[in-house]
Every structure is written in C-alpha cells, then in structure tokens.
Amino acid sequence: MLILAIDTSAVASAALVSDDAPESVLASFATEDTRTHAEVLAPGIDALLAEAGVSGRDVDAIVTGVGPGPFTGLRSGIVTARTLAFVWGKPLYGVMSLDAIALEVAESTDSAAEFIVATDARRKEVYWARYTLSDAQLPHLAEGPHVGFAADLPDLPVYGAGAGIYSDVVKAVAEFSTRQPEALSLGQFALARLAAGERLLDSTPLYLRESDAQVPGPRKRAL
Amino acid sequence: MNRTQPLVLGIESSCDETGVGIVRGAALLTNTVSSSMDEHVRFGGVIPEIASRAHLDAFVPTLEEALAEADVTLADIDAIAVTSGPGLAGALMVGVCAAKALAVATGKPLYAINHLVAHVGVGLLQQGAGTPPHVLPENMGALLVSGGHTEILRIRSITDDVELLGSTIDDAAGEAYDKVARLLGLGYPGGPAIDKLARTGNAKAIRFPRGLTQPKYMGTAEEPGPHRYDWSFSGLKTAVARCVEQFEARGEEVPVADIAAAFQEAVVDVITSKAVLACRENGITEVLLGGGVAANSRLRQLTEQRCSAAGIRLTVPPLSLCTDNGAMVAALGAQLVMAGVEPSGIGFAPDSSMPVTTVSA
Ligand SMILES: [Zn+2]
C-alpha cells in the first residue's frame, strides 16, 4: 500500500510511505518554517512525486494531519489533501497530528510508559495529548488533544516543540524539545493502523478553539 | 494548450464566497458559488476565520458541482486560474492551496490572478450564446464597489496595463452600509436593507458629509490634491452615529428611513461624482460597474445618470457576475491565456494587498 501523507499542523511536510519500501519510506520533505505553507507545499509534493517516480494513479490513499495546529497553516494541508484525493479518486484519511510525534517517541530509546506530546498553540498555550505505551504496540491516545497552558499539563515527561518552549514549567525531554509533527511519521502511523485493521479519522480539522468572533452587543443608547 | 478558445477553470476565495467558474474563451459555461454569508449575519460583518473554515469545507463540493454543470472533466481543462489577492489572507490561502493541488494533480498550468482586475475581466464575457465577445475600448475604466473594496481603475490592457486612479482610504462602501445598518437596527448585509428602507425616506431631510471633497483634498485638474479621486466613509459613519444619538438624547423617535435615505445619498453621490470626475479627467469613455454594491438601485441609477450626462458609456454585468465569483477569475484567466501570458507556476504566495498593477503573479 502506497500512501501520500501531508501535515501542515506546524511545519509543511509531505511523504510517500509504502509497506513495500525499506523502512516504509519512498521520499519525504519537511520545511523548518511554520509560515510559508502556501508557497512550499505544492512544489514540495510535486518534487516528491517526481523523485519517487510516482504518479497519482499509483497512490492508494491520501492521509492528512488534521491538527491541532494554527488554523491557516492547518487548512493549507487539509485542502491540498482533499483536492488531490478528489482529482485522483483516492480514499482520504485523517490522523491527529500529535500522533506523529507519539510514534517517534515510541520508537526512541528514550520513551516513557506514559507521556505527553505538546506543540506550540501560540497565545502562550500548547496543544497537547497524553499517550500510553505497551510492548510492540502503537502509542495509545489516552487523552486529548486539548489546548491549554503548559503549566497545567499532567506531571509527566513532555515531548515536542511545545515542551521546548515551556521547559521552565514542564518536564521537557531534551532530545524532542524542537520536534514538530511531520508527514513521514504521520504516514507511517497511518500505514501501521491500516495494516492492523484499525480505523483512521476523516479529514475534519481539529481546531479546538472557536473562531474568536464576538457577537456585537446591542448598541448603547444615548440616554 | 488551446490558446484561441481556452477552457479555463477559475477559483475565488478572497472573502466569504467560495466560487468555481468555467469559461471557454469568452463564453461562460458555469458560475458555481457557495456563500458563508448566513454564518456572518449574527456578527454583522464577515468574520475572516469563519469564512476560511467555510471555504475549506465548500471547495471540493463546489468544484464537483461546477464540473458537472459545465459538463466537462478536469482532463478537458486548458488552464486553472485562482484569486491570489487582494483579500482576506486566511481565505485566500484556502483557494490558492486548492488551486495548486489541482495543478499538481492534473499537470495543468496555473495563473495567480488579481481579484480586482477579475471584476473587470468578467465584463469581457459574452452576454449570451452567439453574441460576439466584448472588446475592450481604448479608454476603459472600472468602478468597483463592494463590501471589501471601492476603487476606480483605468484599464489600458486587461492583461498587463491596469492603473489605480482612486480608492477608499478607510472603509469600503459596502462595509459602511453594514456598519450603518447595525446602527439603525437593520439586518446584515446592510446594503439591501438600507436600499429598501431608503425608498420610503426623504434623502434631503438630513445632509451627511461627503468625505474628502474639500478643496485641500481635491485640488484642481491641473494640480490635483492628495485625494482627488479617493473616498473616505468612516467620517460618514460617525456622522450617522451622532445623528442617531441626537434624536435619542432629545427623546425623539429616530427617523430611520430618512437617515437611511440620506446616508445612501451621501455614499452614492460621492462615489459617482468622484468616479465620473476621474473618468473625464483621464479620457475614459466607457465604464464598467462591478462589485456587490452594483446591486444597489440608487447607485445604478445615479451612475447611469451621471455617466450619460458626461458622455460615458456604462456597462453593468449581470448581478451574479458582479458579486465575487469564480467565473470572473476564469474570464480573466482566459484573457491571459489568449494573450500568450506565461502561467504563474505553483510557487507563488497569496498576497492580501496585491496591487492592481499586478494582473497576474
Ligand atoms: Zn470583489
């Protein structure tokens, strides 16, 4: 099975993953920047397909990170994935973006049995979720995703860029302190879930915050 | 690529309309629009984040519907065009990313298009099957009035020579309508509500200010002032607020219909007088009226009257093509293809303040 995975919940990234490829990777890219998704994502995917010699016809499914993440960036990846899936006539799945980091934690030598993944939610908050690990299984999402202050996180080791920013108030795991969700791990997570016969999400974005719009109150009268 | 009668798909997402239009040369095949306007009603104005969320969910269904309605497939398309600015940054981003994905998935060339110039481009579409395409005169102007913009443009060439003669320096005219409608307790959108109520009011009962009309702003034709062809509507909105407050302070009933009529007259008077002045002084002999406020009955009436008095020919496209839509983007895209302009590629960035001098990126 060949999957094109896309995630723009923090950085812009895409990957071609397949259970036939060594370590399941055909090609991948990720930017470091979190604010140029509209420019770099489409050219990146175009180059990825060319590099792997893959056309839309060869892809079996599209997977998109559904956040949480800053809204404008997040939408750029989701609308890209939805459009590609529509044009190519392929199934489209969503994966919660923090799962990408959780998978990397599970595969590292530095993992804990229970841990938090956190990314930057701006406005002095983090997006976070709590995971548990058991032998030879994918990380299990025990709680979340939520948005909130880093200081209010459960007292567990915290992985991801959200921990790095607030290392003064959380137990940040140094090796992961700048880690962002990326399409490569997201795609591998999706591949493993599908291979295990488990379901994935649809492509509905996880905004976690309302639009901030205020309904105007009645106008004050002059008297 | 077919450069004589190109089949072009246009995508629009700069404000609250998700539009996909398809044209073949100058012939309109479909104009499919999904609007999030209803979701903005309780806020009394367009909320960018709500508009962006709606674009994300509306895009693929709107695309699918447009293709079905035009009875074409993506394989038939010669080129894709998308609004890359000006507009709401987050809203533009959705349409631009969708258009780029479409270009990647189909391998079709992509044009990044200026929204304002597209409002003019729609005037080049045939008015019906079998009619000849409209040819731009030498001295073409465009008056664009909507909730997002108020501009007077000179177009020497729709594909590469557009000049901004004047624009609002604060609120767009449509925005002023929305704000005043809220002051008067009328609904959103304000334009239709005020237009309707104004018919029953006396426009001469109150005189509201016409912004930027004092000599220090206007100057003379020889020595133009700093805002000769520009508009300002924020002072007018304040004047309406003061007026309402004064009636309330005196314990009198607020003459809502008269205020609506007088406000509308102030807006329409200053828009049309400055637009016609700009046309006369720049040798413009034909004007296109575009933007959602082109639906306003008094604006149409006074523009017609003043244009004809000045010997200027006025064109008003059908209303469905005046409001933001994908057909106008497709129409301009087709003009660019026919003129041999190179596509934009897929590396451009949306530009929320794209100048009109940039017709395509
Ligand atoms: Zn417009």
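Chain letters run A, B, ... following the sequence lines, proteins first and then strands; every chain starts at 1. Since the model is a prediction, treat every value here as computed from it, not as a measurement.
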Exercise. Check each atom of B:Leu74 against the heavy atoms of chain A and say whether the ones under 4.5 Å are side chain, backbone, both or neither.
Key: side chain
Quiz prompt | Taking every non-hydrogen atom, the tightest pair across B:Val104 and A:Ala42 | solution = CG2-O, 3.7 Å
Quiz item: When rounded to the nearest 0.5 angstrom, what is the spacing between CD in A:Glu39 and SG in B:Cys97?
Solution: 9.0 Å
Quiz prompt | B:Phe348 versus chain A, the contacting section by heavy-atom distance below 4.5 Å | solution = backbone
Self-check item: Which atoms of B:Leu67 approach chain A - backbone, side chain, both or neither, heavy atom under 4.5 Å
Solution: side chain
Practice problem: Go through the atoms of B:Ile346 and report whether side chain, backbone, both or neither lie under 4.5 Å from a heavy atom of chain A. | Solution: both
Quiz prompt | Within 45° cone of A:Tyr207 ring axis and under 6.0 Å: B:Arg53 NZ or CZ | solution = yes
Self-check item: Option from A:Ser76, A:Pro205, A:Ser203 for which side-chain contact (heavy atoms from CB on, under 4.5 Å) with B:Leu56 holds
Solution: A:Pro205
Exercise. Specify the closest pair of heavy atoms between A:Ala38 and B:Pro350, including all atoms of both residues, with the distance to one decimal.
Key: CB-CD, 3.7 Å
Quiz prompt | Most chain B-contacting option - heavy-atom pairs closer than 4.5 Å, from A:Val79, A:Ile45, A:Thr72 | solution = A:Val79
Exercise. May I ask you to say whether B:Glu49 pairs ionically with A:Arg75, meaning some side-chain N is under 4.0 Å from a carboxylate O?
Key: yes
Quiz item: What heavy-atom pair brings B:Ala101 and A:Thr83 nearest, and what distance separates the two atoms?
Solution: CB-CB, 3.7 Å
